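I'd like to ask you about the structure that follows.
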Amino acid sequence: MEYILSLDQGTTSSRAVVFDHSGQAVAIAQREFAQHFPRPGWVEHDAREIWQTQLAVMQDVMAQAGIGAAQLRAMGITNQRETTVLWDRRTGEPVAPAIVWQDRRTVAYCETLRAAGHAGAIARKTGLVLDAYFSGTKLAWLLDHVPGVRARAERGELAFGTVDSWLVWQLTGGRVHATDASNASRTLLFNLKTGGWDNDLLALLNIPASVLPQVLPSCGIVAETEPYLLGQAVPIAGWAGDQQAALFGQACFEPGMAKNTYGTGCFMLMNTGDRPVASRHQLLSTVAWRGPVNAARPMAYALEGSVFMAGATVQWLRDGLQIIQSAPEVEALAASVPDTGDVFLVPAFAGLGAPDWDGQARGTLVGMTRGTRCAHIARAALEAIALQTADVFSAMAADSGLALTELRVDGGASRNDLLMQIQANVLGVSVVRSRVTETTALGAAYLAGLATGYWADAQEISTQWQEDRRFEPEWGDEQRQQMTQRWREAVARSRAWAKD
Ligand code: G3P
């Protein structure tokens with residue numbers, strides 16, 4: 001019996017999953033790692049800890065599954081996107097802490113670029129909104145602020161990568177410096193139409209091309225791992241950013257198919273086929289994957305609505321407010337009241353992503369009275385996750401011109417039945433939870449398995465997709481519209497708050 005090992009390096013934990021041929025997870029290992037908040041709006045990770053926890057779970061999961069590397073057909077990799085690592089090619093040491101996708105330190109730089117009139121050209125080339133979310137301005141910050149780093153980069157001594165590149169560098173003992181097209185498309189430096197790094201953007205952000213990784217397909221042999229890591233070498237054969245991998249794991253292979261993943265943030269992606277769609281409603285256009293569904297047109301694109309705070313909002317209830325002991329408790333607490341009593345929580349802790357894109361928005365709680373209790377706030381947190389998703393869903397329907405009739409969902413918080421019911425209510429369409437909620441890891445496994453003949457084709461994968469539960473809307477249009485309008489009023493109050 002052979003298996004696929006999938007590495008899923010997320011924002012708050014490193015995970016590894018072993019999948020069998022039916023697409024079932026046979027073993028899962030997970031380790032959380034430290035989040036660093038050195039200043040308001042800054043979020044950092046220690047790239048070495050990312051690698052150490054990833055290596056540990058990779059070894060743990062093999063022990064748990066009771067298998068050796070000889071039984072692995074291939075390895076797939078998926079990762080938190082945009083998080084920026086810069087390291088020394090000779091020593092492999094990061095030159096500074098990794099700047100996490102949630103980090104807001106380059107908001108002012110983005111504003112300068114916007115004021116100079118660059119936002120339009122950036123959007124046309126990259127499909128992205130000019131925002132601190134993406135890697136480009138984070139990399140520019142490292143080059144400009146870490147002493148000596150720019151000169152070292154100019155001498156070709158440094159390597160830049162998102163977390164996928166960092167992991168592959170480690171897994172191959174520094175033999176391979178590469179990224180996949182889906183991760184590259186999140187950097188602000190990648191031209192969606194040419195499928196390569198864009199010299200004009202490199203010049204604009206003053207980034208030396210020598211630091212960039214080679215861009216490879218999402219499906220195909222990248223390299224073999226160092227033999228000592230798992231006892232023998234394993235081919236790395238598929239990789240993609242975590243949201244694109246989830247789209248793949250949900251078998252959204254046809255244009256118009258969409259999924260929403262409830263992780264740290266919430267990310268809705270819709271397959272737009274073999275060409276990027278320029279959004280008119282503040283969504284992103286991004287690479288879904290390069291290969292393998294359609295050999296004749298290997299680049300597949302997606303529209304994306306990125307919501308920065310979903311599961312992280314529940315973590316804040318747990319760690320910040322301390323009104324729950326563990327994340328799953330939020331469901332019972334929120335269900336203990338029939339509504340929020342007109343309380344709204346706008347979790348703009350890291351600014352607002354799609355469709356508002358306001359780096360200076362901040363978390364806001366409005367509508368409290370002396371009758372407001374923890375339960376109302378917990379319910380408002382769940383509603384906020386659903387309402388942010390609804391904003392993105394409307395933008396996606398408007399951009400695509402398609403009447404979206406259902407939404408496939410996955411990710412940790414999709415196991416929260418109350419949240420899923422609220423989601424169906426505020427969307428007004430069916431919310432369909434897949435049986436495998438580990439779709440991110442599964443997507444990377446599918447990419448690696450397709451590249452190595454473990455699965456024959458996309459058709460075989462589509463037949464594996466199974467529904468777990470369907471949530472139907474229980475609200476009428478009027479209730480939905482009232483709720484949406486009130487929510488938008490709350491969002492307006494959260495905006496343009498931070499001064500820096
Ligand atoms: O763009 C950020 C995204 O990739 C993070 O995903 O699952 O760590 O919330 P996640």
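As the structure lists them, so they are numbered: ligands from 1, and atoms in each ligand from 1. It should be emphasised that the depicted structure is a prediction, and the values quoted were computed from it without experimental measurement.
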**Prompt:** What are the two closest heavy atoms between V129 and L284, and how far apart are they?
**Reply:**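 Minimum heavy-atom separation between V129 and L284: N-CD2, 3.5 Å.
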**Asked** By number and element, which atoms of ligand 1 are closer than 4.0 Å to a non-hydrogen atom of G265?
**Response**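 In order of number, 9 (O).
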**Prompt:** Does any N/O atom on T11 come nearer than 3.5 Å to any N/O atom on ligand 1?
**Reply:**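 For ligand 1, there is an N or O atom that lies under 3.5 Å from one belonging to T11.
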**Request:** Provide the number and element of each atom of ligand 1 under 4.0 Å from a heavy atom of Y133.
**Result:**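 The list of qualifying atoms is 1 (O), 2 (C).
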**Request:** Select the closest option to atom 1 (O) of ligand 1 among M309, Q244, E82, Q80, judged by heavy-atom distance.
**Result:**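 Selected option, by shortest heavy-atom distance: E82.
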**Prompt:** Are side-chain heavy atoms of V176 and W169 found at a separation under 4.5 Å?
**Reply:**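 V176 vs W169: side chains apart.
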**Item:** Atom indices of ligand 1 within 4.0 angstrom of Q243 heavy atoms, with elements
**Value:**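 Near Q243, meaning under 4.0 Å from one of its heavy atoms, ligand 1 has 6 (O), 7 (O).
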**Message:** Is it true that T137 and T106 share a donor-acceptor pair across their side chains at a distance under 3.5 Å?
**Reply:**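 On atom types as modelled, these side chains qualify, holding a pair under 3.5 Å.
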**Prompt:** Would you say ligand 1 has an N or O under 3.5 Å from any N or O of T264?
**Reply:**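 Yes, since at least one N or O of T264 sits under 3.5 Å from an N or O of ligand 1.
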**Request:** Please say whether W101 places an N or O atom under 3.5 Å from an N or O atom belonging to ligand 1.
**Result:**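 The answer is no, given that W101 and ligand 1 share no N or O pair closer than 3.5 Å.
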**Prompt:** Around Q325, counting heavy atoms of other residues, nucleotides and ligands shown, do more than 12 lie under 6.0 Å from its CD?
**Reply:**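 Count not over threshold, so no.
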**Prompt:** So, E32 versus S13: side-chain donor-acceptor pair below 3.5 Å or not?
**Reply:**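 No donor-acceptor contact under 3.5 Å links the two side chains.
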**Prompt:** Between the side chains of Q244 and R81, is a donor N or O closer than 3.5 angstrom to an acceptor N or O?
**Reply:**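 Result is yes, a qualifying pair exists.
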**Prompt:** Which one holds for D242 and ligand 1: side chain close, backbone close, both close, or neither close, with close meaning a heavy atom under 4.0 Å?
**Reply:**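 Side chain only.
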